[in-house]
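So that the names make sense, note that chain A is the first sequence line, chain B the second, and so on, each numbered from 1.
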Amino acid sequence: MSAPTPETPAELAAAREYAAAVRSALADLPPDVVEELAGGLEADLACSAAESATPLRDRLGEPARYAEELRAAAGLAAPAAGAPGGTGGPAGPAPARANPLAVLRADLAQGWAESAAAVRAQRWWPWASDLARTLRPAWWLARAWVVWQLLFGGSDTTSGVLPGSLGGLVALVALSLASVELGRGRWAGRTGTGAGVTAANAVAALALLPVLAAAAAPVSSVQYVTETGTMPSTGVWVDGQVVSNLFPYDAQGNPLTGVQLLDDYGRPVQVGEDNRTDWSGAEPDPYRPAVDAEGQVRWNAYPLQVGAGPDGGGRAVEVPRPEPTLPALVGAPATPSATPSPDLVAPPAAAPTAPPAPEAAPGS
Amino acid sequence: MDATQLLKGVLDAAVLAVVEHEDGYGYDVVRRLRAAGLEDVGDASVYGTLRRLYAAGALTSYVVPSGEGPARKYYGTTPQGRALLEEQRKSWRSFAETMTTLLEPGEAHR
């Protein structure tokens, strides 16, 4: 019906000038609120100017008055600064008669509005709010997932993060759809949705981190860890297991007894874990040490023998061997001998001497 | 009685009513209201009301560029806005009936 009248440059200029004055009267508001209030004002004013020869100021009054009317009609409070009898002034309704809860609520609302305005005035605010708007769909999905975790996460997960059953998957998809539809404002206006959504958002935001932490933890709380670092690695180990006895054979493959072993530093090679001290008390150590001619206890004479008695006491006897004999080694002397001949002794480099002092260590 | 005082309470309904069937930009809405008989309506009051109804979800808004001039901001109703208008129609009718009866000269009220 109302085809926009084309405005003259003079009318446009007048409209721009008046709009600028209105905007400056709204300058105490955050920039995006000003834009919200005065956006399109230039076009409307130009239209108005084109209709009549009367200057805008005469028809519409002072821009400050106009801004005040705009602000009031939009439901915004009058400017706090410079408003006579404004906040806390004596002109307002007697504060003592007001409901203290309502006063507190008003104070909170004003404090919130002021902080929000201060944040909006920051230079990074447009960037940050734009980013937040862009990321909103991600939040819609995240909150659906959190709600799903809270409802079903304890019973229906394989990995702890995603549903393990078809039913769980359907529930998650349904929640996601509901959350996105809610986020897109499809259900806005239904009574009670506003407060409900706020509450659900708060719950989801608070629960996000705990739920994430719980879901990221492994499903099974039992873990098998090889704690090599904390266990005493004494004794002799084969394939990760502690060796409890050694069975020597000579070059012909015949079993040997009473073979004393030293390592390359000349230390006695001792099997078993804990220095042969029975600290557990649960099961007495069945093995018996050998005793040398000087009366020294020798735990490095193999195979270790056990006591013949029922409790490991009595005469020491040999334990059954895993193999009675072994095939002879190629090039071994034909005559079996329980005591190695001098020419078979290890080379001098590995001679059983006292543990080396640092300056005697080879290659240093 | 000052008509602008009366208008304040019903401006939302009036604005919603004039954009119910045809979207309009700010001054267009002012013109429609004036053409309908509300000559005293203030431009700024109408613009502020449009912004508030938009913020409340009762109106949609879109910007239409106009040649070399400034862009116009058009407004139209949302389902929520139409529901609000329907509600205000009802309460206006009942209020108007009450006031008409009340202000009837003679013995209408005791």
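Of all residues in residues 9-18 of chain B, none places a non-hydrogen atom less than 4.5 angstrom from a non-hydrogen atom of chain A. Heavy-atom neighbours of chain B within the stretch residues 12-19 of chain A, taken at a separation under 4.5 angstrom, comprise A/L12, A/R16. Residues of residues 44-55 of chain B that come within less than 4.5 angstrom of chain A, heavy atom to heavy atom, are B/A44, B/S45, B/Y47, B/G48, B/T49, B/R51, B/R52, B/Y54 in numerical order.
With contacts defined as side-chain heavy-atom distances shorter than 4.5 Å, the pair A/D44/B/D43 does not qualify.
Ranked by heavy-atom pairs shorter than 4.5 Å toward chain B, the options A/E69, A/R65, A/E42 are led by A/E69.
Proximity to chain B (any heavy atom under 4.5 Å) is restricted, for A/R59, to the side chain, taken from C-beta onward. In this structure, the portion of A/A38 lying under 4.5 Å from any heavy atom of chain B is its backbone and not its side chain.
Heavy atoms from other residues, nucleotides or ligands lying under 6.0 Å from OH of B/Y62 number more than 12. Other residues, nucleotides and ligands contribute over 12 non-hydrogen atoms within 6.0 Å of the CH2 atom of A/W124.
Atom CZ of B/R31 and atom OG of A/S48 lie 9.0 Å apart (nearest 0.5 Å).
A/G40 approaches B/K73 most closely through the heavy-atom pair CA-CB, 4.3 Å. When all heavy atoms of A/A43 and B/A71 are compared, the closest pair comes out as CB-O, 3.3 Å.
Among residues two or more places apart in sequence or in another chain, the side chain to side chain donor-acceptor pair (under 3.5 Å) test is passed with B/E87 by none.
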